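First the proteins, then the strands, lettered A, B, ... as listed; each starts at 1. Since this is a predicted model, take the numbers as computed values, not measurements.
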Amino acid sequence: MVDFINELNESQKRAVLHNDSASLVIAGAGSGKTRVLTYKIAWLLQNGFPAYTIMSLTFTNKAAREMKDRIGKIVGPREASRLWMGTFHSIFSKILRREATALGYSSNFTIYDSADSRSLIKDIIKELKLDEKIYKASTVQGRISSAKNSLVTPGMYAANKDLVESDMFAKIPLVRDIYKRYATRCKQADAMDFDDLLLNTNILFRDFPNVLEKYRAQFRFILVDEYQDTNFAQHLIVKQLSGGHGLVCAVGDDAQSIYSFRGANIDNILGFKKNFPGCQIFKLEQNYRSTQNIVDAANSLIKKNKEQIPKNVFSEKEKGEKIQAISAYSDFEEGYLVASKITDLRMRHHDSYNQFAILYRTNAQSRIMEEALRKRNIPYRIYGGLSFYQRAEIKDVVAYFRVIINPNDEEAIKRIINRPARGIGDTTINKLKECANLNNVSLWSVLQDPLRFALPVNSGTAKKLTGFRELMESYIEELPKSTAYQLAESVIKKSGLMTEMYADRTPENLSKQENIQELLSGIHEFCENKQEEGSDEIGLVHFLADISLATDQDTGNDEDQERVTMMTIHAAKGLEFNNVFVVGLEEDLFPSQWAKESERSLEEERRLFYVAITRAGVNCVLTFAKSRFRNGKTDMSSPSRFLNDIDSRFIDLPSENRLVDQVKERAQSFNRSAFGERATSFQSKPATQSFNASSKPVNPFANTPSRPAPTAAANTSGGNFSTHSVSEISDGTSIRHERFGNGTVLSQEGNGDEAKIKVQFDHSGERTLLLKYAKFIIEN
DNA sequence: GGCCGGGGCATTTTT
DNA sequence: TGCCCCGGCC
């Protein structure tokens with residue numbers, strides 16, 4: 001057993017070892033929170049809590065995966081894989097699939113993503129003949145979402161005076177009707193949206209005490225990370241589930257609560273003690289990440305907020321440099337200054353580009369930074385924007401998958417019924433929808449028997465609809481017989497999507513082909529992984545369940561290339577860099593113009609700034625521009641009030657004099673038009689592959705390093721990865737696996753088709769492979 | 001039924 | 001400015 005306990009400081013140790021009542025661990029920025037969580041789980045595992053009795057809830061899938069890996073290193077990956085670790089949504093979707101029938105869903109229910117729900121809401125607004133300018137789908141979606149997050153069902157919504165009044169006031173009194181209809185339609189489609197996963201879990205636990213009892217008995221210890229960003233629905237789930245024993249460990253930092261705009265409630269952490277009797281509070285206050293100056297600066301900033309849990313975050317690292325605030329004449333110059341500063345700091349400290357981050361409040365700010373870095377040949381990677389699964393061509397294919405698994409999935413049918421074009425246009429689709437609504441059945445039911453539901457279409461259209469139905473039915477028939485990969489291939493080929501994509505070689509089509517190839521190779525990998533692990537869950541159902549919630553922030557592990565990171569501050573939560581640039585510190589941008597309505601939202605902006613600063617280990621640079629091009633016009637802006645919130649002992653603000661000098665000095669050479677021209681000519685050049693993060697396909701699947709598509713691999717890698725028999729291998733044999741890299745065989749078990757080997761990989765941990773499928777090279 | 005162009009509109013986002 | 005959506009036209 002690893003003596004990991006002694007790697008902890010005193011307060012970390014206390015937090016890890018307290019396990020006989022609820023606890024709240026207030027973890028200051030950079031205080032080793034993940035280490036505490038990891039070791040606590042390892043400790044529990046080694047002290048009488050079997051893995052399947054521990055539930056550990058994280059904020060993102062990526063966080064769950066990383067923590068599982070770390071725990072696997074201590075207790076072994078097999079043990080770690082039995083933990084119930086994941087996001088609220090993924091863990092409870094698993095439970096809901098098991099218990100679906102109790103709630104009137106099937107276990108293969110679809111999960112609607114936010115685009116699906118918005119599109120459905122839009123449909124409903126149209127159906128109700130409401131003015132779409134007044135009833136904006138996104139606004140209505142937001143209201144419904146926050147209702148669900150507060151566990152308000154449609155019935156409760158209509159009966160709630162405050163909500164109804166607030167809707168009246170906002171001149172959208174019929175939200176309650178939309179909500180009601182939305183819920184009915186989701187149910188009919190056998191679909192849950194993201195919020196439903198939490199709402200329905202609560203309903204399940206409320207209405208089926210025996211089910212609640214079952215899970216209470218199973219989960220004897222519950223850990224929740226990032227508690228400051230949980231909403232009411234999540235909080236109540238934790239409370240319900242831990243009702244029997246109260247062994248909950250919540251970890252978080254109220255100073256880093258930045259997601260209230262999507263329902264997170266900071267009161268969950270502020271009032272935690274009240275909700276969990278006997279709760280012990282632990283504070284992790286030593287920051288191991290940043291210099292004293294950065295920690296002090298951040299502390300002085302957050303002190304301006306009223307509501308918070310008192311704590312004293314400190315650093316014992318070197319004193320460090322002051323935070324530097326830089327004034328720029330324009331947003332263009334801001335970019336230039338940041339780029340110069342990066343070059344400059346890199347020369348002085350020999351830091352890798354990976355140790356640099358540019359953080360901004362809004363994604364729109366990334367473009368100008370991008371241009372500036374490109375001019376200086378500084379490699380970068382932009383996070384955010386369209387994720388792999390949001391690309392149209394991927395959504396199309398996935399929509400086919402969804403219909404195959406759940407033909408009642410209305411949103412998916414709407415998406416693919418005429419893609420590729422089969423002559424089924426809006427008119428027909430509207431007739432279909434009307435007919436389905438009239439009869440209270442799904443679109444698919446109407447498609448199956450148009451005559452019975454008296455669908456008013458002519459024979460030509462009827463024929464086209466039948467064609468579509470038969471296509472889908474043929475896939476449904478294939479479903480039980482095929483692996484996800486086989487079926488996916490068949491979908492892409494037989495549906496005509498492929499033909500359409502290869503019709504001509506426009507750049508758009510080429511990129512689509514690339515993405516589809518990437519999807520296919522991801523599915524292939526999914527199947528191979530499962531097979532090698534000896535699992536037979538390789539059907540499309542399993543693949544779809546796997547990806548429905550993996551919307552992916554985890555863009556592959558290609559850390560191989562050094563790049564500057566560019567992302568929003570929200571996306572930077574939990575990360576750290578030696579050098580951090582926070583750009584656009586201007587009134588109405590940061591703090592955002594929307595945040596000024598209430599003290600509460602202004603405090604959240606301040607916490608956001610706190611998160612930004614505390615990402616920095618050594619150097620923190622803040623920039624602001626006097627003029628900025630925004631929403632199609634140039635606006636003058638004044639420096640952010642937040643700059644004055646930092647104690648002047650810890651920050652170098654540009655003096656007015658220097659500011660004037662700067663303006664004079666650079667005004668001619670860096671005025672907008674000069675930059676504008678050069679920027680244009682630059683853009684017309686094709687983007688260099690290595691600098692263009694977004695054009696490089698990344699494998700969004702699985703936890704394994706990405707690799708070329710299977711077809712390509714066969715051609716380029718020489719094809720010498722192959723399967724091997726038991727006789728070729730003994731303990732200690734060195735192998736090189738197609739995906740996991742180099743490793744050593746630890747042991748063997750089983751015979752024939754069941755023969756497996758356990759391998760310790762240098763970079764991929766310990767894995768069990770099924771010899772029948774595993775492809776590798778024997779090295780000695 | 002599909003394509004093009006003009007008008008309106010611009011946070012943060014993971015699930 | 002750039003994207004999205006709708007309406008008009010082919």
Side-chain angles (χ1 to χ4, degrees), chain A residues 57-64 86-93 111-119 122 126 132-133 136-138 141-142 145 148-149 192-199 226 229-231 233-234 257-264 331 359-365 367-368 383-387 389-390 418-430 460-461 464 547-554 567-574 584 588-597 601 604-605 607-609 611-612 628-635 672 676 679-680 683:
Chain A
L57 300 164
T58 57
F59 190 66
T60 63
N61 289 310
K62 191 178 170 206
T87 59
F88 273 91
H89 293 82
S90 72
I91 295 285
F92 292 104
S93 69
I111 297 173
Y112 275 174
D113 67 16
S114 9
D116 293 321
S117 30
R118 200 171 327 114
S119 138
K122 202 167 195 179
K126 278 186 198 157
E132 290 177 71
K133 295 259 158 58
K136 281 202 268 177
S138 55
Q141 185 183 28
S145 173
K148 287 184 178 181
N149 288 156
M192 296 192 198
D193 66 19
F194 290 138
D195 303 315
D196 283 332
L197 296 175
L198 306 176
L199 174 64
E226 309 281 12
D229 287 322
T230 55
N231 61 37
Q234 293 169 321
S257 162
I258 54 174
Y259 280 99
S260 78
F261 69 91
R262 63 175 215 234
D331 47 357
L359 307 180
Y360 32 78
R361 178 68 240 264
T362 65
N363 280 311
Q365 291 165 260
R367 273 210 15 186
I368 204 131
Y383 290 80
L386 265 201
S387 89
Y389 290 104
Q390 290 171 322
N418 199 31
R419 197 155 320 163
R422 335 185 140 79
I424 305 173
D426 285 346
T427 323
T428 310
I429 295 174
N430 282 333
T461 310
K464 289 170 187 164
I547 61 159
S548 297
L549 289 166
T551 349
D552 144 296
Q553 180 69 347
D554 21 41
M567 53 170 67
T568 63
I569 302 166
H570 281 93
K573 187 169 87 160
D588 292 345
L589 181 60
F590 194 17
S592 139
Q593 61 198 115
W594 320 92
K596 299 206 290 196
E597 291 158 20
S601 52
E604 175 149 322
E605 293 282 300
R607 289 194 293 270
L608 192 57
F609 189 33
V611 169
R628 178 173 299 277
F629 193 70
R630 236 194 339 161
N631 296 347
K633 57 184 193 298
T634 306
D635 281 335
R672 262 189 56 72
T680 324
Q683 274 183 334

Gap between atoms [atom1] and [atom2], on [X] and [N] respectively (whole Å):
| X | N | atom1 | atom2 | answer |
| --- | --- | --- | --- | --- |
| A/I258 | B/dT13 | CD1 | C1' | 10 Å |
| A/R607 | B/dT12 | CZ | P | 18 Å |
| A/F194 | B/dT15 | CZ | P | 8 Å |
| A/E226 | B/dT15 | CD | P | 12 Å |
| A/K122 | C/dC4 | NZ | P | 11 Å |
| A/D331 | C/dT1 | CG | P | 14 Å |
| A/R361 | B/dA10 | CZ | P | 16 Å |
| A/H570 | B/dT15 | NE2 | C1' | 15 Å |

Open item on the list: I want to verify the glycosidic state of B/dT12; is it syn or anti under the 90° rule?
Closed with: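 In terms of base orientation relative to the sugar, B/dT12 is anti.
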Think [X] has a side-chain N or O under 4.0 angstrom from the OP1 or OP2 of [N]?
| X | N | value |
| --- | --- | --- |
| A/T87 | B/dT14 | no |
| A/N61 | B/dT15 | yes |
| A/R367 | C/dT1 | no |
| A/S548 | B/dT15 | no |
| A/K136 | B/dA10 | yes |
| A/N363 | B/dT13 | yes |
| A/T427 | B/dG1 | yes |
| A/N418 | B/dG2 | yes |

TODO: Determine whether any donor atom in the side chain of A/S114 lies under 3.5 Å from an acceptor atom in the base of B/dT15, or the reverse, and answer yes or no.
DONE: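 Pair found.
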Heavy atoms from C-beta onward define the side chain here; which of [options] lies closest to that of [X]?
| X | options | value |
| --- | --- | --- |
| A/S592 | B/dT15, B/dT12, B/dT11 | B/dT11 |
| A/A595 | B/dT13, B/dT15, B/dT11 | B/dT11 |
| A/Y259 | B/dT13, B/dT12, C/dC6 | B/dT13 |
| A/A421 | B/dT14, B/dA10, B/dG2 | B/dG2 |
| A/R262 | B/dT15, B/dT13, B/dA10 | B/dT13 |

Give [X] one of three labels, base, sugar-phosphate or nothing, depending on what nucleic acid heavy atoms sit under 4.0 Å from its own.
| X | answer |
| --- | --- |
| A/G632 | base |
| A/F88 | nothing |
| A/Q234 | nothing |
| A/D426 | sugar-phosphate |
| A/Q593 | nothing |

Open item on the list: Distance check, rounded to the nearest 0.5 Å: A/I258 atom CD1 versus A/L608 atom CG?
Closed with: 5.5 Å
Open item on the list: Once rounded to the nearest 0.5 Å, what's the spacing between atom CG of A/N430 and atom CG of A/D426?
Closed with: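 One gets 6.0 Å once the value is rounded to the nearest 0.5 Å.
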TODO: Evaluate the side-chain proximity of A/S601 to A/W594: yes if any heavy-atom separation is below 4.5 Å, no if none is.
DONE: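 No - every pair of side-chain heavy atoms lies 4.5 Å or more apart.
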- [ ] Anything under 30° is parallel, anything over 60° is perpendicular, the rest tilted; go ahead and classify A/F609 against A/F590.
- [x] perpendicular
TODO: Indicate whether A/F261 forms a stack on B/dT13; treat it as stacked only if centroid distance is below 5.5 angstrom and interplanar angle below 30 degrees.
DONE: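 No.
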TODO: Please tell me which of A/I424 and A/E604 maps to the more 5' nucleotide of DNA chain B, matching each residue to the nucleotide holding its nearest heavy atom.
DONE: A/I424
Task: Along DNA chain B (nearest heavy atom to each residue), the more 5'-positioned of A/A364 and A/T461 - done: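 Per heavy-atom nearest nucleotide, the more 5' residue is A/T461.
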Task: side chain to side chain donor-acceptor pair (under 3.5 Å) evaluation trace for A/S117 with A/Q141 - done: CA-CA 8 Å; A/S117 30; A/Q141 185 183 28; 3.3 Å; yes
Open item on the list: I need the minimum non-hydrogen distance between A/Q365 and A/R361, along with the two atoms involved.
Closed with: OE1-N, 3.3 Å
Task: Residue pair A/D588, A/K596: steps toward the salt bridge (Lys or Arg N to Asp or Glu O under 4.0 Å) verdict - done: CA-CA 8 Å; A/D588 292 345; A/K596 299 206 290 196; 2.6 Å; yes
